[in-house]
Structures are given as C-alpha cells and as structure tokens.
Amino acid sequence: MSDERRRAAILGGSVSGLAMAEGLRELSAFDEIVVFERQEYSDKRVDCGEAINDSTLIPLEKTPENGFVNDVRGFDLRIYEGTDRPQSADPIATSKLRCDPGYICERDRVERRWAERLREVGVEFRTGRSVSIAEYEDIVDAYEYVFDATGQPALTLKARDRTTDYTGDMVALNATVDGDFADYADWPRIFFEGYVGYAWSFPKSATRANVGIGWAGEQRPDDYLEALAEAAERCGFPVPDRSQVNVYTIPRGPSLSPENVYFPDDNVFLIGDAAGIANRYQGEGICQGIRSAYLLRDLLEEGAEATYPERLYELMRSEYRLAHLMRGAWVEHEDPYLLGAVAEALEGLTIDEITRRPSAVVTRLARQPSTLLKLGLNPGILRRVYDAYRDSWEYDAPRNNA
C-alpha cells in the first residue's frame, strides 16, 4: 500500500465488519473509516453465534459488561441414534472437546461495546438504515476501499447481479431461554441426532442459555419452529417462545470463486459470511469472519491485497477439508454408532484441533484402527479424501453439495 492516505467504507457492522474496522484503524494509510450498519447497536440484535470459540480475537476485556458471560471449559458432544427417542434415552456416545479461550456470549452486547471502543478512537458509524443498491454504487465511487461484510448473498453480489453464485446455506434457529442449566454450565451441550446438523444448549449462566437447532444437509423439516420445539423436548432444554426465535442462514459451501471475493477495479473486498466462509460442518462463522478481516489487514499493510482470494482459501483450507470429511462420516455411512466411535476417539482434543488441524484428528483416529478402517472402506469417504486433497478451489465441487 502506498503512503497516500485513503478513505475506507465498511458495509455491515457485525463482528466481521467490526474486526475490519479494528484492523484498518491500525494502518496509518487510512485517515477515514466509516461503518454502515442497518441496525442500531442499542437495539436487540439477532443473537445467533453466541458461542465464540476463540475470544482472544476480540480486543475487549472478557467481562460480563462486555458480553462475555460464561467462560466455558469446552463442549460436550452427545450422540443419539436418531430423533425418535424419549427424553430419558441415554446417548450412545459422548465426547468432551476442550475450548480454553471459549465463551458463551451476549453477542449484541459484545458488538455494542466493540463499536463503542472503535467510536472512541475515531471510527465513524452510520447506523439504523440499510444501504440500497444505488447507495452502494455511490459508496464505491466515493471511497478508495470498500469492505463488504453484509452477509450472504453479499450486497456487492446483488449490485453486480451475481447472486447465482450464492454458496448454499445451512439453516439454524435459536433463542435465549430461562431454565436450570447448572449441571452443564461449564460444558455446553451439542446433540447429534441422526441428520446432518445438530441441536444445542449453550448456558450463559446456571439459569439462562442460548438454545437452537441447525441443518447442514438436504434433509430439512417442513416446520422449522416445530422441529426446534421437538428437539427441546428430546434434549431436555426449555421450549423457546416462538416470538423469540431467530432464523438465519450460514454459508454452506463450496466457496465463492476468487473473482467474487475481490473486485480490483473498485478495490472492493468481501469478508466473513459475505465471502462465503464458515465451518462447513458445525456452522461456526464468527472466528472465521474475524480472521478473514485480520488477514486482509495484514495483506493491505504488506501491499499484497491482490493475493487476498488465494490467501483466504489458504487460511480456510484445512478447515474446509476437515468439515468435508467429518460431514462424510455421517452422510456416507448414516451410522450413528460409527459417528459415536469417531466422537469418542476425539475426546480431549480442542475445538481448534478438530476444526483446523487434520493431523490431530487423523492421529487420534489412528489409535482406533477398527474405526478408521470402517470409515475408510467406503467409496464415498475415499472420494471425499481425494476431493479434499486435490488443492483446488474448495474441491471444484458442484453447488449445494452434501
């Protein structure tokens, strides 16, 4: 990047946009940073993404006042044969995965306090209304750099009529409920019940939790809200009031092609969900979005922003590979006992290891040769291994793949 001072517009003021503002603030090349956010930070915002697996990425003190309400030890995976079971049924397998920097959060409070911090150091916020296509085009003309963190499909793709490249979605519902969560406040629970997706109960305290359910495969319910209520009854957490339930989508993959992540003629970059990045198996997107913003900050500082699409893929590659293979453990076998054996083999690993470090997962599975052999003796799994290691743009996979 040259020494000439620049103006930057950030579209979207959720965690990815806030991380981009944080990163740009550290670069002396930008003398004006403006965040455009459709909601007011003082209003209740969508409370999806209440679990933050790596809180060190957010430059706030980890206090309840800043939204970090439950410092968890990790997550408790509970595997069941299916959804046709009573609440009293025991899981066929359990596995605890460590997450030392993990917190269950009040995400709206985290974002509000982060925005306040940025305002104090000179970042401008324009909140309370959406940016139209016409306004988007004016912003692109007026600012030297534009960073799109508007979610998926991104405003940039809508303005350029490229939404057919939308990366597919995972659908999730969640809400905050009151109840008794004291027994597992330190170990939030994730329930796998025989479909590509899971339900969860993430305590914010002994008496309050974020609960929900999500689907990553083609199997979807006819009535999402009823499916959440049924999951609550099976898994033993309170049924949320329908009026309090949030419904949202997460990029499922494959990735957007490189030409839809960076538009060099206008210096427009897509980050976070707008770039189609998220964990393809468990749906996590907060840390991924923040990392994409910090990566771009580093590239801008180096004057290497043109390499952003390729570097973004390199950043996410191990995570994409693992998610592709972990999803295959269910899709290709549809055997809950095999999935349970895999989960038990991973007991004690960290969330970071099971999502971003294939060698740690393979090493653990190698200690259970019968499980590894059963996984591998399947044409679908072998195809996934081949696809995952061809090192192409997320496997050159067809859209809406499993």
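Each residue takes its place number in the sequence, starting with 1. When reading the values below, keep in mind they use all heavy atoms of this one structure, side chains included, and skip hydrogens, waters and symmetry mates. A quick note: this is a predicted structure, and the numbers were derived from the prediction, not measured.
Arg117 places a side-chain N or O within 3.5 Å of a backbone atom of Pro59 that can act as its donor or acceptor partner. A distance-only check finds no donor-acceptor pair linking the side chain of Glu50 to the backbone of Ile104 [under 3.5 Å]. Glu353 places a side-chain N or O within donor-acceptor distance of the main-chain N or O of Thr350, the cut-off being under 3.5 Å. With hydrogens and angles ignored, the 3.5 Å screen pairs no side-chain donor or acceptor of Gln87 with any backbone N or O of Arg234. In terms of modelled atom types and a separation under 3.5 Å, the side chain of Thr150 and the main chain of Leu155 share a donor-acceptor contact. Judged by distance alone, with hydrogens and angles left aside, the side-chain atoms of Asp186 form no donor-acceptor pair with the main-chain N or O of Val72 at under 3.5 Å. In this structure a side-chain-to-backbone donor-acceptor pair under 3.5 Å is present from Arg364 to Glu347. No donor-acceptor pair under 3.5 Å is formed between the side chain of Ser130 and the backbone N or O of Arg38. Using a distance-only test at 3.5 Å, with no hydrogens or angles considered, a donor-acceptor pair links the side chain of Lys62 to the main chain of Leu60. Looking only at distances, no side-chain donor or acceptor of Asn279 sits under 3.5 Å from a matching main-chain atom of Glu319.
Residues Asp54 and Arg291 meet the side-chain proximity criterion, which asks for heavy atoms closer than 4.5 Å. Asn260 has its side chain out of reach of Leu270: every pair of non-hydrogen atoms, C-beta onward, lies at least 4.5 Å apart. Residues Tyr103 and Val69 form no side-chain contact, since every pair of their non-hydrogen atoms from C-beta on lies 4.5 Å or further apart. Between Val239 and Glu233 the shortest side-chain heavy-atom distance falls below 4.5 Å. Put simply, the side chain of Asp180 does not reach to within 4.5 Å of the side chain of Thr207, judged on heavy atoms. The shortest side-chain heavy-atom distance between Phe237 and Arg189 does not fall under the 4.5 Å cut-off. Side chains of Leu300 and Tyr145 form a contact here, defined as non-hydrogen atoms less than 4.5 Å apart. For the pair Pro91/Thr94, a side-chain contact is recorded, criterion being any heavy-atom separation below 4.5 Å from C-beta on.
Ring planes of Tyr224 and Trp215: perpendicular class, angle over 60° (limits at 30 and 60°).
Taking CG of Leu97 as the start and CH2 of Trp187 as the end, the distance is 8.0 Å to the nearest 0.5 Å. We find the CD1-OH distance between Ile33 and Tyr143 to be 11.0 Å, quoted to the nearest 0.5 Å. Expressed to the nearest 0.5 Å, how far CG of Asn210 lies from OG of Ser201 amounts to 8.5 Å. Within the model, atoms OG1 of Thr363 and CZ of Arg357 stand 12.0 Å from one another, a figure rounded to the nearest 0.5 Å.
Residues Cys287 and Leu57 come closest through the heavy atom pair CB-CD1, 3.8 Å. Between Leu325 and Ile381 the shortest heavy-atom distance is O-CD1, 4.4 Å. Between Ser318 and Arg356, the shortest heavy-atom distance links the atoms CB-O, 3.3 Å. Closest non-hydrogen pair, Val245 versus Pro240, comes out as CG2-CB, 3.9 Å. Taking all atoms of both residues into account, the shortest heavy-atom contact from Ser95 to Leu346 is OG-C, 4.0 Å. In terms of heavy-atom proximity, Gly272 sits nearest to Ser16 at CA-OG, 3.6 Å.
A salt bridge is defined here as a Lys NZ or Arg NE, NH1 or NH2 lying under 4.0 Å from an Asp or Glu carboxylate O, and Arg208 with Asp178 meets this definition. A salt bridge does not link Asp100 to Arg73: none of the charged nitrogens lies less than 4.0 Å from a carboxylate oxygen. With salt bridges taken as basic N to acidic carboxylate O contacts below 4.0 Å, none links Glu302 and Arg297. The pair Glu37-Arg126 does not meet the salt-bridge criterion, since no charged nitrogen lies less than 4.0 angstrom from a carboxylate oxygen. Using a 4.0 Å cut-off between charged nitrogen and carboxylate oxygen, Glu111 and Arg109 do not count as a salt-bridge pair. Between Arg383 and Glu332 a salt bridge is recorded (basic side-chain N to carboxylate O distance below 4.0 Å). Arg113 and Glu116 are joined by a salt bridge, as a carboxylate oxygen and a charged side-chain nitrogen come within less than 4.0 angstrom of each other. The existence of a salt bridge linking Glu144 and Arg6 is excluded, since no basic side-chain nitrogen approaches an acidic carboxylate oxygen closer than 4.0 Å.
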Trp114 and Glu22: CA distance, side-chain angles, deciding distance, side chain to side chain contact (heavy atoms under 4.5 Å, CB included) verdict: CA-CA 9 Å; Trp114 198 353; Glu22 186 74 35; 3.0 Å; yes

Worked verdict on Val177 versus Asp241 for side chain to side chain contact (heavy atoms under 4.5 Å, CB included): CA-CA 8 Å; Val177 297; Asp241 186 288; over 6 Å; no

Chi angles and distances behind the side chain to side chain contact (heavy atoms under 4.5 Å, CB included) call for Met20, Tyr294: CA-CA 7 Å; Met20 195 72 248; Tyr294 291 164; over 6 Å; no

Salt bridge (charged side-chain N to carboxylate O under 4.0 Å, His left out) between Lys96 and Glu344, intermediate numbers included: CA-CA 8 Å; Lys96 288 186 174 178; Glu344 288 179 336; over 6 Å; no

CA sep, side-chain torsions, deciding dist, call: Leu322, Ile354, side chain to side chain contact (heavy atoms under 4.5 Å, CB included): CA-CA 8 Å; Leu322 267 174; Ile354 70 158; 5.9 Å; no

Audit row: Arg85, Glu193, salt bridge (charged side-chain N to carboxylate O under 4.0 Å, His left out) steps and yes/no: CA-CA 10 Å; Arg85 61 180 176 84; Glu193 304 181 284; 2.5 Å; yes

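Side-chain polar atoms of Gln244 and Thr176 form no donor-acceptor pair below 3.5 angstrom. There is a side-chain donor-acceptor pair under 3.5 Å between Asn53 and Glu284. A side-chain N or O of Glu135 and one of Ser132 form a donor-acceptor pair less than 3.5 Å apart. No side-chain donor-acceptor contact under 3.5 Å links Asp273 and Gln152. For the 3.5 Å distance criterion, the side chains of Glu40 and Ser42 fail to qualify, holding no donor opposite an acceptor.
Ring centroid separation for the pair Phe202 and Phe75 comes in under the 6.0 Å cut-off.
Looking at Phe269, Tyr308, Phe36, Tyr262 one by one, the single match for ring-ring contact (aromatic ring centres under 6.0 Å, His included) with Phe147 turns out to be Phe269.
For Thr156, the side-chain hydrogen bond (donor to acceptor under 3.5 Å, both in side chains) partners two or more places apart in sequence, or in a different chain, are Tyr136, Asp148. Take Phe125 and apply the ring-ring contact (aromatic ring centres under 6.0 Å, His included) test, not counting sequence neighbours, and it matches Tyr41.
Residue pairs satisfying the side-chain hydrogen bond (donor to acceptor under 3.5 Å, both in side chains) criterion with at least one member in residues 368-382, sequence neighbours excluded, are listed as follows: Asp335-Lys374.
A cation-pi contact, defined as under 6.0 Å to the ring centre and within 45° of the axis, is absent between Arg78 and Phe191.
Remark: Asp161 CG is loosely packed, at most 12 non-hydrogen atoms of other residues, nucleotides or ligands lying under 6.0 Å away.
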